[in-house]
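Note sheet for the following structure.
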Amino acid sequence: MSDVRIITGNEAASLAVKLVKPHVIAAYPITPQTSLSEKLSTYVESGELRAEYVRVEGEHSALTVCISASTVGARVFTATSANGLLYMHEQIHWAAGSRLPIVMCCVNRGVGAPWSIFNDQQDSFSQRDAGWIQMYCRNNQEIIDTIIQAYRIAESVYIPVMVCYDGFVLSHTMMPVEIPEESTVREYLPPYKPHTEISPEHPRTVNPVFFPWRRENAEGVLCDGYMEMRYKLQAALLDSAPVIERASDEFARLFGRDHGGMIWEYLTEDADILLTGMGSIAAETTVAVDALRKEGIKAGAVGIRVFRPFPISEVRNAFARAKMIVVFEKCVSYGFTGGMSTDLKSALYGSEVKAPVHNYISGIGGRDVKARELSEAVASSIEMMERGDRDNKTFWLNCHTG
Amino acid sequence: MEKQDTNIAGICSPAIGEAGKTGDWSDLKPVIDHTKCIPSSKNKAACFLCWLYCPDGVVSMSIPVRINLDYCKGCGICAEECPPNAIRMVRKVECDDE
Ligand code: SF4
Ligand code: SF4
């Protein structure tokens, strides 16, 4: 009998971590992630989870502990939000460059200044180029399932995975969640096999200065230079898409739940107008799609589940027939347009997809986003298109600057 | 065919002088006055505090004491620790304005 509980997103995340049994957890509490790290420390303290919980004085140290533990072969977990994530930034690069399969939850929150504790996705978006895989969850069920998948993916391709979910919207909201069976998780997720062994018999240097050129080691073996190492990370990230797809398919087979691989689709088969987004706002677009369909508009939704590596071929296929693409997103590439739409447009460049991309920056700093507002925005974008205005446009939804 | 290292990250088997001859980077070099140095002058395996404190492990516990300048970073810790002040730090390259 599967166990269904009504729980918050943070509790769902904590149960996922308990199921994957990391050896080391290091996290610093930061709103809205706090109840997740509290739950994990409770499990460790009560003996429910046999892990080392390292109490650190900040997020830079939290990820440093995970990097060190992962380097010597431990399965590790950490979680953070907003400015905490930015405080980790140096180590975010370090983890990816070291190819360590660390899994971290980013409970998405607006970045200060001005100070905010509420949701948007500027924090994880601003870590986009650090070499991590980024996955975005729509609901609490997806949080628990994605964390389990994240370990499988990270430990297959040796790239850290950031599991992102919207602060408060999901982290503090309760919904029914089916808790996976521990034995099935064991079957799905083999123990972590490190790609490096640190022992007196096999001495290793850990990330010494890498020169622009290649060099020979003590045995005369030719070793990579800095550029080769970075190329290998990039190649591994680009090659990880099929691994992510397989991890999702295998999960669906064993657990009976399919959240999509790189992307997911909703009523797209005959759709002319496609709404898209990441995380909880993408879930909201499906409600807007239903409303638009009632008005006779052939709308559909395509959710970006994996933001890095960017699902280039998947979006080219999914948007192939679109007459218009409307992106709703909770982040901005300052000085340009919405963060996700910049990537989407560049992925579509040179393809058959010629549909205009309208971009609505929404929900910044926790501003409420209603499905009705999304469908109204789509309707006004359609009007613009019908008037012959085919430009790619960016709007700030529900932003009142007078 | 040359053997290529298969590591996917910079966690790999060490090379001799992993980061090259780091001694190139230093500004100062330690010079030992062997008439003051305890093991050298007394011909006894004694003291070796420079060997103990050198953070780069480039001092050899020999008579006379030797410092591998290829890898010495010129930090001056040995000179600081030497009881009879037998080590003097000297500038490797004279600056134009000096
Ligand atoms: S100067 Fe520093 S690195 Fe060089 S021998 Fe002395 S202690 Fe060692
Ligand atoms: S510390 Fe000074 S006296 Fe002692 S061994 Fe080194 S150089 Fe000689």
Side-chain angles (χ1 to χ4, degrees), chain A residues 67-68 70-73 93-102 131 155-160 193-237 239-240, chain B residues 1-31 48-62 65-81 87 89-93 95:
Chain A
I67 287 169
S68 317
S70 183
T71 304
V72 297
H93 279 272
W94 195 266
S98 309
R99 303 291 302 276
L100 297 170
I102 294 165
E155 293 171 9
S156 307
V157 294
Y158 296 116
I159 296 174
K193 273 206 216 81
H195 62 84
T196 168
E197 189 189 342
I198 309 285
S199 71
E201 293 76 41
H202 301 97
R204 290 287 182 270
T205 53
V206 179
N207 290 319
V209 177
F210 266 56
F211 283 93
W213 51 86
R214 299 192 291 162
R215 57 108 177 106
E216 282 186 355
N217 74 4
E219 283 89 49
V221 175
L222 194 64
C223 296
D224 291 324
Y226 184 84
M227 193 161 166
E228 283 78 21
M229 280 294 165
R230 305 316 295 191
Y231 173 81
K232 280 184 178 176
L233 172 62
Q234 166 74 340
L237 260 168
D239 289 346
S240 65
Chain B
M1 217 180 87
E2 67 197 0
K3 274 198 285 173
Q4 170 68 48
D5 181 67
T6 53
N7 280 297
I8 57 167
I11 303 173
C12 42
S13 49
I16 296 165
E18 183 59 65
K21 294 198 170 175
T22 49
D24 295 0
W25 301 348
S26 64
D27 186 24
L28 299 171
K29 70 171 180 187
V31 175
F48 296 129
L49 284 177
C50 49
W51 167 84
L52 181 68
Y53 282 102
C54 171
D56 279 355
V58 300
V59 181
S60 67
M61 243 208 274
S62 56
V65 170
R66 272 191 306 272
I67 296 175
N68 186 342
L69 292 177
D70 281 345
Y71 301 105
C72 159
K73 66 184 165 203
C75 65
I77 292 174
C78 52
E80 198 64 38
E81 296 297 335
I87 304 179
M89 299 303 294
V90 298
R91 201 165 288 280
K92 283 171 129 179
V93 183
C95 296

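Sequence lines set the chain letters: A, B, ... in the order given, protein chains first and strands last, and positions in each chain run from 1.
- A:R214 contributes atom CZ, which lies 10.5 Å from atom CG of B:D5 (distance to the nearest 0.5 angstrom).
- Considering CD1 of B:I8 and CG of A:D224, their distance stands at 11.0 Å, rounded to 0.5 Å.
- Around the CD atom of A:E228, the shell of radius 6.0 Å holds more than 12 heavy atoms that belong to other residues, nucleotides or ligands.
- For chain B, the nearby part of A:I198 is the side chain; its heavy atoms alone come within less than 4.5 Å.
- Within a 6.0 Å radius of OH in A:Y226, other residues, nucleotides and ligands contribute 12 heavy atoms or fewer.
- Heavy atoms of other residues, nucleotides or ligands lying less than 6.0 angstrom from NZ of A:K232 number more than 12.
- For the pair A:P208 and B:G10, the tightest heavy-atom approach, listed with the atom from each and the gap, is CD-O, 3.6 Å.
- The NE2 atom of A:H195 sits 5.0 Å away from atom CD1 of B:I11, with the distance rounded to the nearest 0.5 Å.
- Heavy atoms only, all atoms of each residue included: A:S98 and B:A9 are closest at O-CB, 3.3 Å.
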